[in-house]
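Take a look at the structure below.
What's counted below: heavy atoms across the whole structure, side chains too, no hydrogens, waters or symmetry copies.
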Amino acid sequence: MFQNVRVKIRRQSMLQPWHQVDWLLLTLAVGLALFGGVMIRSVELNLGEKNWLQHWGTTGVGLVLALSIARSRYEKLMDWKWVIYGTINLSLIAVRFIGTQALGAQRWINVFGFHVQPSEFAKVGVIITLAALLHERNANTIPNMFKIMGVTAVPWALVFLEPNLGTSLVFGAITLGMLYWGNANPGWLILLLSPVVSAILFNVKILWWQNLPVVWGVWVIAMGAIGLFTLPKRWIGSVGALVVNAVSGWLGHVFWGLLHDYQKQRLILFLDPDQDPLGGGYHLIQSRIAIGAGQLWGRGLYQGTQTQLNFIPEQHTDFIFSAIGEELGFVGCVAVFIGFWLIFLRLVMIAQSAKDSFGSLLAIGVLSMMVFQLIINVGMNIGLAPVTGVPLPLLSYGRSALLSNFIAIGLVESVANHRQRSRF
C-alpha cells in the first residue's frame with residue numbers, strides 16, 4: 001500500500017511542471033504530425049527518399065521544444081517583445097543577402113547544412129509581439145489599430161518581397177484575428193478588407209449586368225453604410241468609405257490591365273485549370289483527379305495511382321492533402337478535419353480560460369495562423385483557391401514549418417499550464 005502511494009507521489013512530482021498542460025491538444029498535434037509522416041512515406045515510396053524520417057525526427061524535436069516552452073512562464077516574453085520583433089526582421093533581411101534560392105524564390109538560409117526558412121518562425125514572432133502590444137493597449141481605437149498594422153507591415157513586406165505571397169497572407173490573417181480578439185470593431189476590420197474585395201468584384205465580369213458592375217455597386221454602398229455606423233465621424237467616414245472603395249475598384253481595373261497575360265493566368269487559373277493543363281494548371285488538375293479517385297473509403301494506403309506514380313509534383317509538401325484524399329478517401333479527409341477541429345476547439349478554450357489578455361491573444365494568434373493555412377491549403381488542393389505555397393499545418397513536409405507549429409503549440413500550452421488554479 002505504502003509502495004503504491006510512493007509511486008503515485010513520484011509520478012505526480014514528475015508531472016508537476018506540466019500540471020495543467022492540455023494533453024489532448026499536444027496529443028492531437030503529435031498525432032497529426034506522425035500521420036503526416038505516414039502520408040509523406042506513401043508519396044515517396046517509389047522515389048527512394050527518406051523525408052518521412054526527417055518529418056518524424058523533427059516532430060520529436062518539436063515535442064521536446066513544446067514541453068520545454070510549456071513549463072516556462074509565457075509572461076516573460078512581454079519584456080522581450082521588441083527583441084523578438086527585431087530578430088525576426090533581421091533574419092528576413094538576411095535572407096535578401098545570404099539566402100538560398102530555390103523554386104524561383106529566395107526564402108532559406110543555410111545554417112550548418114540545414115535550410116532554415118525564417119518566414120515560418122517570423123509568424124510566431126509576430127504573434128508574440130502583437131499579443132504583447134494588444135495586452136498593453138487594446139485595439140478599441142483606430143490609432144491603436146493602425147499601430148498594430150504598422151508593426152505587422154515590416155515583416156509582411158520583407159516576406160512579400162522574397163517573393164512569398166502565401167506566407168504574407170498568413171501575416172494578414174494573424175493580424176486580423178488578433179485585432180478582433182483585441183476589441184477592434186468588426187466593422188473596421190471589414191472596411192480594412194473592403195478595398196481588396198472591391199477591386200476583385202469590379203474586375204469579375206460575370207458579376208456585371210448590361211455593362212454595369214452590379215455586385216460591386218452594392219458592395220460600395222454597403223461599405224458606406226458600415227462606415228456610417230462604425231466610424232467616429234459618421235458622415236465623413238461614410239463618404240470616405242464610399243470613395244476608397246470606388247477608387248479601389250477602378251485602380252484594380254487599371255492594375256489588372258498592366259499585368260502580363262501569364263501573370264493574369266496565374267491568378268485566375270484555379271477557376272479553369274484546363275486552360276493550361278500541362279503548365280500552371282497541371283498541379284490543380286492532378287490533385288482534383290487524385291482526391292476524386294479516392295471516393296468514400298479511398299484506394300488504400302500505398303495504393304493510390306496518382307500518388308504512387310508521382311503525377312503530382314511536390315506532393316509531400318503543399319499537396320499532401322491530395323494523397324490523403326486518394327488513398328484514404330472522404331472518410332480519411334473527414335478524420336483529418338475532425339483532428340484539426342479539436343485542436344482549434346482546445347485553442348479557443350485555452351484563450352477563454354487564460355489568466356490575462358496576453359495569454360489569450362497568444363492562443364488566438366496561433367488559432368488564426370492554423371485556421372487560415374488549413375483553409376487555403378485544402379482550397380488549393382480541391383481547386384477553390386490559387387496555388388500559393390501555403391503548407392498544411394503539421395502534415396506537410398518542411399522542417400521550419402513543423403518546428404514553428406510546435407513552438408506555437410508550446411506557447412499555448414504555457415498559457416494553459418500557468419492558468420490560475422481553482423481552489424475549493
Side-chain angles (χ1 to χ4, degrees), residues 126 130 133-134 137-161 163 165-166 168-261 263-264 266-268 270-271 368 372 375-376 385-386 388:
V126 166
L130 297 188
L133 292 174
L134 287 169
R137 186 172 296 178
N138 61 31
N140 60 353
T141 65
I142 292 179
N144 289 347
M145 186 176 69
F146 277 102
K147 178 184 177 182
I148 295 298
M149 293 173 58
V151 170
T152 307
V154 177
W156 175 88
L158 291 171
V159 170
F160 184 78
L161 292 173
L165 175 62
S168 65
L169 292 175
V170 177
F171 281 107
I174 291 170
T175 304
L176 288 174
M178 296 183 72
L179 282 173
Y180 173 77
W181 201 256
N183 290 330
N185 191 310
W188 300 347
L189 302 181
I190 295 173
L191 290 174
L192 283 175
L193 293 173
S194 65
V196 177
V197 178
S198 180
I200 294 173
L201 293 178
F202 190 86
N203 288 278
V204 179
K205 298 298 183 180
I206 59 174
L207 301 178
W208 285 39
W209 177 73
Q210 294 184 354
N211 294 324
L212 294 174
V214 178
V215 177
W216 173 78
V218 173
W219 175 262
V220 172
I221 294 172
M223 293 305 101
I226 291 177
L228 179 65
F229 291 105
T230 62
L231 294 175
K233 296 182 179 180
R234 300 180 58 185
W235 290 106
I236 296 177
S238 178
V239 173
L242 287 169
V243 172
V244 168
N245 278 271
V247 172
S248 297
W250 176 78
L251 287 177
H253 181 69
V254 172
F255 289 140
W256 182 258
L258 296 176
L259 295 176
H260 296 289
D261 290 338
Q263 292 173 321
K264 295 178 182 178
R266 286 180 182 177
L267 292 173
I268 63 174
F270 76 98
L271 298 173
S368 302
F372 182 79
I375 293 173
I376 295 299
T388 55

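- Taking each heavy atom of Val244 and Pro195 in turn, the nearest pair found is CG1-CG, 3.8 Å.
- Looking at heavy atoms from C-beta onward, Leu179 lies in side-chain contact with Met145 at the 4.5 angstrom threshold.
- Sorted by first and then second residue, the side-chain hydrogen bond (donor to acceptor under 3.5 Å, both in side chains) pairs with a member in residues 177-187 read Trp181-Ser360; sequence neighbours excluded.
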### Task
Show your reasoning for whether side chain to side chain contact (heavy atoms under 4.5 Å, CB included) applies to Met223 and Ile190.
CA-CA 8 Å; Met223 293 305 101; Ile190 295 173; 3.9 Å; yes

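- Two residues are said to be in side-chain contact when any heavy atoms from C-beta on lie closer than 4.5 Å; Val220 and Leu242 meet this criterion.
- Considering only residues two or more places apart in sequence or on other chains, Ser198 meets the side-chain hydrogen bond (donor to acceptor under 3.5 Å, both in side chains) condition with Trp216.
- Between Val126 and Phe171, the shortest heavy-atom distance links the atoms CG2-CE2, 3.3 Å.
- With sequence neighbours left out, the side-chain contact (heavy atoms from CB on, under 4.5 Å) criterion links Ile375 to Val371.
- Identified under the side-chain hydrogen bond (donor to acceptor under 3.5 Å, both in side chains) test for residues 217-237, with sequence neighbours left out: Trp219-Asn245.
- To the nearest 0.5 angstrom, Leu201 atom CG is 11.5 Å from Ser248 atom OG.
- In this structure, Ile148 CD1 and Leu130 CG are separated by 5.5 Å, a value rounded to the nearest 0.5 Å.
- In this structure, the separation between CG on Asn140 and CG on Leu134 is 10.0 Å, given to the nearest 0.5 Å.
- Between the CH2 atom in Trp188 and the CG atom in Leu193 there is a gap of 15.0 Å [rounded to 0.5 Å].
- Within the structure, every pair that satisfies the side-chain hydrogen bond (donor to acceptor under 3.5 Å, both in side chains) test and touches residues 144-156, not counting sequence neighbours, is listed here: Thr141-Asn144, Thr152-Thr175.
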### Query
What do the steps show when you test Val159 against Leu165 for side chain to side chain contact (heavy atoms under 4.5 Å, CB included), and what is the final call?
CA-CA 8 Å; Val159 170; Leu165 175 62; over 6 Å; no

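- When side chains are defined from C-beta on, Ile142 counts as touching Leu231, because their heavy atoms get closer than 4.5 Å.
- With sequence neighbours left out, the side-chain contact (heavy atoms from CB on, under 4.5 Å) criterion links Val154 to Tyr85, Asn89, Leu158.
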### Task
Check the pair Ile376 / Leu169 against side chain to side chain contact (heavy atoms under 4.5 Å, CB included), numbers first and verdict last.
CA-CA 10 Å; Ile376 295 299; Leu169 292 175; 5.8 Å; no

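- Using a 4.5 Å cut-off on side-chain heavy atoms (C-beta onward), Leu192 and Leu189 make contact.
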